[in-house]
Each structure stands twice: as C-alpha cells, then as structure tokens.
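Below is one structure, written out as structure tokens; comments come after it.
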Amino acid sequence: MRRTVFNEDHEAFRETIRDFIAAEVVPHYDEWEKQGYVPREFYLSLGELGVFGIEVPEEYGGAGETSFKYQAVITEETARAGVSFGGSGVHTALCLPYLLKYATEEQKRRWLPPFVTGEMMTAIAMTEPGTGSDLAGMKTTAKLSEDGTHYVLNGAKTFITGGVQADRVLVCCRTAPPSPQDRRTGISILVVDAGSEGYAVGRNLDKLGLKSSDTAELSFTDVRVPVEDLLGEEGEAFSYLTHNLPQERLGIALGAYAQAAAAVRFAQEYVTDRTVFGKPVAAFQNTKFTLADCKADVDAMQAVVDRALDAMDAGELTPADAASAKLFTTELAAKVIDRCLQLHGGYGYMREYPISRLYADTRVTRIYGGTSEVMRSIVAKSMGL
C-alpha cells in the first residue's frame with residue numbers, strides 16, 4: 001500500500017539524510033560504539049546540515065518548520081542503516097520543545113542560535129537514583145539566594161542521555177516542598193551551564209545497547225544558577241513535563257517501528273545470501289513464514305505510527321494515544337527483532353551484524369519515556385478503568 005504520511009519535501013530530506021549517513025556515519029560507527037560517544041565535531045556537522053534547526057523559527061537561525069515528520073525521517077533513516085546520531089535525539093526531540101514553548105524572548109535569543117549550530121548541545125535531567133519513573137519523588141533541590149539573584153542547586157541525576165557532552169542541561173529540581181495534597185507541586189526547570197562550579201559529570205554509563213550514545217551520571221554541589229536561567233514559571237515544571245510526553249512517546253514508537261522494519265530488511269538480505277544444506281536459508285518454508293509474519297507486524301506498526309504522526313502535526317495526539325502507540329510498537333518490535341535475529345543463527349549473536357545491535361538497542365524502548373506498565377496504566381485510565 002502506498003504510504004501517504006510524507007510529502008515530496010520529506011522525501012527529498014530523506015535522500016539528504018540517507019546520503020549523509022552513508023558518508024559520515026557508517027564508516028565511523030564501530031569506532032563510536034567502542035568509545036561510547038560520537039565526536040563533538042559530528043554535532044557541528046549535524047548543525048551545518050540543518051538537522052538541529054528544522055523546528056527552530058527563522059529569526060533564531062532555523063528553518064521554521066512545524067511538522068514533526070522531519071524528525072520521523074531521521075529516526076527511520078538511522079534505524080535503516082543500523083546507526084544512531086548519538087545523544088542528539090534528546091537535543092532536538094526532548095529539549096527543543098521546552099525551549100520553544102517556555103523560554104522567554106531573551107532566553108531564546110541567547111540559547112537557540114548556538115542550539116541550531118551544535119555549538120551548544122543540550123540534555124534534560126529528570127531521573128534520579130532510586131526514583132525511576134516517579135518524577136514527583138525527586139530530591140534534587142534549588143534554593144533561591146537571599147538576594148534573589150540565583151538559585152543554589154544540590155542533588156544528583158542518572159541515566160542522562162547526552163549528559164557527558166552537554167553544554168546546557170535542563171535540570172528538574174524542587175524549588176519548593178511538595179504540598180500534602182499534591183506531590184507534583186514545587187518542581188521547576190533550571191537550564192544549567194555545564195561549566196558551572198560544583199557541576200560534575202560522573203561515569204559514562206556502560207549500557208546494554210545504544211553504545212554510541214553517551215549516558216551520564218550528574219551531580220550538583222552548591223551550583224549557582226542565575227534566576228535568568230529559570231525556564232518557565234517556578235513550580236510549574238511537572239505540567240510542562242506532562243505536556244511534552246506525547247511527542248516524546250511518539251518518537252520512541254517511531255524508533256521501535258523503524259528498528260523492526262530494519263530488522264526485517266537485514267534478515268531478508270541475510271537469508272537470501274546464506275546457504276545451508278546446499279540451498280539458501282530463504283528457500284525453507286519456516287524462513288518464508290517467519291518473514292511474512294514479521295512483515296505483517298511491521299505493516300501494522302507503520303499504520304499506527306503514521307496515524308499518530310498525522311495527529312501530532314494536527315495538534316490532536318492525546319497522551320493516551322501516544323501511550324497506546326508506544327506500548328504497541330515497542331512490545332511488537334521486540335518480538336519481530338528477536339525472530340529476525342533467530343534467522344541469522346549464530347551470526348545474529350555477533351555484534352558485527354546490525355541485527356545484534358538492534359536487538360540490544362530496542363530493549364530500552366519498553367523502559368524509557370515511561371515503562372510498558374506505565375503505558376498500560378495510562379491507556380486503561382483513558383478507558384475509564
């Protein structure tokens with residue numbers, strides 16, 4: 001069936017991204033995975049290509065597009081090639097919406113131009129050791145100084161994607177104790193300069209997958225943050241975080257679908273070339289039926305994400321819709337990729353084969369952005385259950 005979610009501009013952009021990946025990413029990707037991060041110069045290359053500025057208004061150096069579908073193209077093309085752009089997905093898909101919606105005009109003029117070029121990389125710090133998905137339970141605090149000129153930030157964060165190389169981090173912290181009636185009150189976002197005294201980057205965490213994406217532990221010891229770097233209103237951050245979750249979860253759903261589609265392509269290529277018992281693996285009925293099942297599953301995932309993409313661009317994607325899309329695609333992608341790895345036999349377990357990377361990379365999609373269990377709770381609540 002003809003896919004209608006993308007137009008000619010999206011497809012032209014796809015060709016540009018595909019060529020860029022082939023020339024600038026694939027030849028170096030093994031090295032990036034071994035070192036645990038992409039070179040900082042690579043982010044400047046993405047900035048020069050225009051990747052970081054797609055949704056940034058023209059007055060700040062961007063292209064001024066409002067469609068999320070360009071980010072979807074990037075997600076699909078990186079998965080197709082079995083690579084990633086390191087921590088840059090957080091920079092554009094997670095941090096940018098907060099800056100566009102809640103930053104003041106002065107903050108936008110200060111932050112968005114270097115954001116677009118890649119000279120100022122960003123990350124967002126929500127998760128803390130021991131809290132997981134319970135954002136209302138965060139312990140990191142920021143107390144206003146007596147003269148009212150700055151906050152004093154103390155605490156720790158973990159699992160911060162892009163945190164090793166970030167220049168500015170959107171730190172979620174408590175600027176007031178929670179009220180007895182609502183634990184979600186009193187949380188604010190400070191856009192913290194990573195060069196500040198008392199700001200420390202811990203380990204680049206050794207993950208199961210997503211090896212080229214740096215993931216950090218951060219700590220703050222009496223970090224002075226100017227009041228001018230408060231994002232939005234003090235104490236209102238929980239509502240901000242909730243507002244951006246549909247887009248975040250759609251992005252994860254897209255990634256899961258794209259990884260499953262890539263897995264089917266990798267498996268089809270492998271079984272066509274690989275010979276056992278004197279004939280191609282693709283000649284066996286089990287292989288044909290397995291790939292047919294996987295293709296049908298990928299078609300279903302594509303229908304879900306395409307509908308969600310249209311809803312996102314129309315401003316109609318609800319939290320429950322996004323949760324449903326994420327739940328469906330991430331759970332199903334895991335099954336598809338597992339079956340495609342099985343068709344590779346022992347070679348599927350070797351990291352030199354992209355199916356092995358996909359198997360490890362896709363596991364986290366059922367965890368971050370809200371676990372599958374949280375997604376089920378959201379969908380059930382929307383059903384009145």
Side-chain angles (χ1 to χ4, degrees), residues 10 12-65 68 70-100 103 107-125 160-171 191-196 199 201 204-205 210-216 218 229 251 255:
H10 297 130
F13 179 68
R14 185 186 301 278
E15 292 302 317
T16 299
I17 292 296
R18 186 174 295 184
D19 291 344
F20 175 82
I21 290 171
E24 304 295 335
V25 181
V26 172
H28 312 291
Y29 198 67
D30 286 343
E31 178 186 345
W32 295 354
E33 284 208 314
K34 289 175 183 176
Q35 69 186 15
Y37 56 89
V38 303
R40 186 53 191 265
E41 298 75 32
F42 176 67
Y43 290 143
L44 298 177
S45 298
L46 289 176
E48 187 175 346
L49 188 64
V51 166
F52 295 150
I54 295 171
E55 296 174 53
V56 175
E58 293 180 15
E59 59 264 37
Y60 308 112
E65 292 287 346
F68 188 69
Y70 289 96
Q71 295 300 329
V73 168
I74 295 172
T75 298
E76 291 185 355
E77 289 305 309
T78 50
R80 179 183 182 275
V83 301
S84 83
F85 285 169
S88 67
V90 166
H91 182 65
T92 49
L94 296 191
C95 295
L96 182 58
Y98 292 105
L99 298 180
L100 291 178
Q107 289 172 334
K108 289 178 180 177
R109 295 198 178 278
R110 185 155 47 102
W111 293 331
L112 289 181
F115 181 103
V116 169
T117 62
E119 295 172 276
M120 185 194 81
M121 294 301 295
T122 60
I124 186 165
I160 309 308
T161 302
V164 173
Q165 301 192 80
D167 301 291
R168 288 267 179 177
V169 178
L170 283 64
V171 178
V191 184
V192 182
D193 185 343
S196 302
Y199 179 104
V201 179
N204 182 7
L205 299 171
L210 300 178
K211 294 288 189 179
S212 68
S213 175
D214 55 301
T215 305
L218 304 178
D229 291 347

Atom pair CG (Leu205) and OG1 (Thr161), whose distance is rounded to the nearest 0.5 Å: 9.5 Å
Approximate separation, where rounding is to 0.5 Å, of Leu94 CG and Leu170 CG: 10.0 Å
Stepwise side-chain contact (heavy atoms from CB on, under 4.5 Å) test for Leu96 and Leu112: CA-CA 9 Å; Leu96 182 58; Leu112 289 181; 4.0 Å; yes
Taking every non-hydrogen atom, the tightest pair across Pro97 and Thr92: CD-O, 3.5 Å
Selection residues 35-46 - residue pairs positive for salt bridge (Lys or Arg N to Asp or Glu O under 4.0 Å), sequence neighbours left out: Arg40-Asp167
Residue pair His28 / Val83, side-chain heavy-atom distance below 4.5 Å: no
Phe85 backbone acceptor or donor facing Ser88 side chain under 3.5 Å: yes
Test log, rule side-chain contact (heavy atoms from CB on, under 4.5 Å), inputs Val201 and Leu218: CA-CA 5 Å; Val201 179; Leu218 304 178; 3.9 Å; yes
Spatial distance of atom CD1 (Ile74) from atom OG1 (Thr16) [nearest 0.5 Å]: 11.0 Å
side-chain hydrogen bond (donor to acceptor under 3.5 Å, both in side chains) against Thr75, all qualifying residues, sequence neighbours excluded: none
Under the side-chain hydrogen bond (donor to acceptor under 3.5 Å, both in side chains) test, residues paired with Glu119 that sit two or more places apart: Thr117
Those residues that, when tested against Arg80, pass side-chain contact (heavy atoms from CB on, under 4.5 Å) (two or more places apart): Arg18, Glu77, Arg265
Residues that Asp30 engages under side-chain hydrogen bond (donor to acceptor under 3.5 Å, both in side chains), provided they are two or more places apart: Arg357
Spatial distance of atom OG1 (Thr122) from atom CD (Gln165) [nearest 0.5 Å]: 12.5 Å
Taking every non-hydrogen atom, the tightest pair across Ala216 and Gly163: CB-C, 3.8 Å
Donor-acceptor pair, side chain of Asn204 and main chain of Thr215, under 3.5 angstrom: yes
All ring pair (Phe, Tyr, Trp, His ring centres under 6.0 Å) counterparts of Tyr199, not counting sequence neighbours: Phe220
Criterion side-chain contact (heavy atoms from CB on, under 4.5 Å) on Thr78 and Ile21, from CA distance to verdict: CA-CA 7 Å; Thr78 50; Ile21 290 171; 3.9 Å; yes
Set of residues satisfying side-chain contact (heavy atoms from CB on, under 4.5 Å) with respect to Ala103, sequence neighbours excluded: Gln107, Lys108, Leu231
Residue list, side-chain hydrogen bond (donor to acceptor under 3.5 Å, both in side chains) with Gln71, at least two apart or on another chain: none
OH-CH2 distance between Tyr60 and Trp111, expressed to the nearest 0.5 angstrom: 12.5 Å
All N/O donor-acceptor pairs, side-chain side in residues 47-59, below 3.5 Å, sequence neighbours left out:
none

Qualifying residues under side-chain contact (heavy atoms from CB on, under 4.5 Å), relative to Ser212, sequence neighbours excluded: Tyr29, Trp32, Glu33, Val38, Ser84
Non-neighbouring partners of Tyr70 that pass ring pair (Phe, Tyr, Trp, His ring centres under 6.0 Å), sequence neighbours left out: His10, Phe13
Minimum side-chain heavy-atom gap Val191-Tyr98 below 4.5 Å: no
Contacts of Ala123 that satisfy side-chain contact (heavy atoms from CB on, under 4.5 Å) - sequence neighbours left out: Ile160, Ala166, Val169
From Met120 atom CE to Arg168 atom CZ, the distance as rounded to the nearest 0.5 Å: 7.0 Å
